[in-house]
Amino acid sequence: MAKVLTPKEVDYSQWYNDLVLKADLAENSSVRGCMVIKPYGYAIWEKIQQTLDKMFKDTGHVNAYFPLFIPKSFFSKEANHVEGFAKECAVITHYRLKNSPDGKGIVIDENAKLEEELVIRPTSETIIWNTYKNWIQSYRDLPLLINQWANVVRWEMRTRLFLRTAEFLWQEGHTAHATKEEALEEAMKMIDIYASFAENTLAIPVIKGAKTENERFAGALETNTIEAMMQDGKALQAGTSHFLGQNFAKAFDVKFLNQKGELEYVWATSWGVSTRLIGAIIMTHSDNNGLVLPPAISPLHVVIVPIYKSVDEKFEIMNYCNNIFNEIKQHNITVKFDDRDTHKPGWKFAEYELKGIPIRIAVGPKDIENNQVEIARRDTLEKFFISRTELIPKIKQLLADIQNNIYQKALTFRNNNTYIIDSLKDLYENIDKGGFFVAHWEGTKEHEKQLNEQTKATIRCIPFDEEEKLGKCIVTGILTKKRVIIAKAY
RNA sequence: CGGGGUGUAGCGCAGUUGGUUAGCGCACCACGUUCGGGACGUGGAAGUCGGUGGUUCGAGUCCACUCACCCCGACCA
């Protein structure tokens, strides 16, 4: 089997694609720009869903489901929204096919043209706000805190597995509030939840911040983002939350009576993360041997591989492994005993490394003799023996260590590739190296556009947690406390 | 939509100025030897050469049209 290519040998995107395919996560579909998520990739998505869903529910949100099809006219109700999404919508114009008159195949039945075309949702603000209109009359109906797990379609020109596909899976939260303050607070709360999920569960360090006007979600007044750094130094937007103001309430005429008996427009937020997070995990942690999964998200924590030659050995080893397997299982650790004799141990080692399983246990005749097992940890590739009696506490400790270690490793990488710069020259000379460039900024939309045209980089965000420090804007020279992160992005 | 490229077995590819029965590596199947880091040997199965039409005694190869995919741009949660 060909080895996984490294970023140094070829370009990073090829390395990434190779990894996604070899680790059996996903492949390109025969349908343009779409992706087939294979069982192993989907298992990772399910872990993401479970963890996030609990976080949403713990903060008072509930799940619901809205239609896939959105009447075209809904889109034109919010001017910025339609402008932002018009170019990437798949549109349904007919509802029936018929046999071709010339007997060759099937054609669209022109008599089945839809009165009004339907758009396949690229995001659900419009259809959801059209529904909320009927759900909200009084301040007593607020806040409305709803999340939906769904698929969306965006007809992108260029697609990449997990990072940008024509159809992708995501969750989208859509909340309605009585006051501006409450909506702003909700948008901030959700970006905090995303950041904590990214860091604690996915072991991906992120920078929380606000998007500039240019980069904002179409229809939002504020967009909060979490930005992660991939191993090639490029930025990846890993999640966003939006303060939508009263834009959608006005567009869909959603008003409520407040306690004073006055009619007011509702305040809104929306927020989402997608299967792109799987891409983020891959590009943050993987090495040349394959995936490295954070234990908190790995579908499997431990895999046991038996090693034997003779039938006698096999019998003994199977017993020993089954014992270990049953014991580990009782401790809320997901474990697999790979007792297939259709593959050799070496083959299995390579396979589970490629898949990123955090801990591998190998058991051979020597181990039974010494009442021990061989442990291999995926993140450092270290191998060592531990006594059979210490097995459970050691595994628990190791899982925690791995989770922590890969986070620290990613954080160190990000710190080593973050540069504080004081001039445009610094930026132009270094941007091709990759990484985050922190700069004072008080430029206009036009300055930002120009920056993007000249360097291909964008302002990723205005960080929330950046220490305040006065300095000169790198394009205008104006003294400002505001600092931004500039980087090339996926 | 512009510029470039590629379509040959599940995957990756070779196939000369047109010439008989279309090859190679990996994967797959059988048997044997192996089994503590992706084993080896022998044998085997697997292809409407992207599609349509044309030139020709003869087309994977030449021509036209067409479809699909990839890369670079434009576009972009």
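To find a chain, count down the sequence lines: A is the first, B the second, and so on, and within it residues start at 1.
Regarding A:Trp347, its CH2 atom lies at a distance of 10 Å from the P atom of B:A27, rounded to whole Å. To the nearest angstrom, P of B:C70 lies 12 Å from CZ of A:Arg160. Atoms CZ (A:Arg216) and C1' (B:A77) sit 15 Å apart, rounded to a whole Å.
Within 4.0 Å of A:Asp341, counting heavy atoms only, lies no atom of the nucleic acid at all. Within 4.0 Å (heavy atoms only), A:Lys87 reaches sugar-phosphate atoms of the nucleic acid but no base atom. Residue contacts for A:Glu353: at a heavy-atom cut-off of 4.0 Å it reaches a base atom on one of the strands shown.
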**Request:** Test salt bridge (Lys or Arg N to Asp or Glu O under 4.0 Å) on A:Lys488 and A:Asp432 and set out the steps.
**Result:** CA-CA 9 Å; A:Lys488 291 190 183 180; A:Asp432 286 334; 2.9 Å; yes

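Judged by distance alone, with hydrogens and angles left aside, A:His343 brings no side-chain donor or acceptor close enough to the base of B:A39 to form a pair under 3.5 Å. A donor-acceptor contact under 3.5 angstrom links the side-chain atoms of A:Lys383 to the base of B:G37.
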**Prompt:** Dot-bracket for RNA chain B, 5' to 3', with Watson-Crick and G-U pairs under 3.5 Å, [ ] for crossing pairs and | for other-strand pairs: what is it?
**Reply:** (((((((..((((.....[...)))).((((((.....)))))).....(((((..]....))))))))))))....

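Between A:Phe385 and A:Val373, every side-chain heavy-atom pair lies at or beyond the 4.5 Å cut-off.
A:Arg378 has a carboxylate O that lies under 4.0 Å from a charged side-chain N of A:Asp287, or vice versa, which qualifies the two as a salt bridge. Between A:Arg360 and A:Glu353 there is a salt bridge, since a side-chain N of the basic residue sits under 4.0 Å from a carboxylate O of the acidic one.
Checked against the 6.0 Å centroid criterion, the rings of A:His81 and A:Phe248 qualify as a close aromatic pair.
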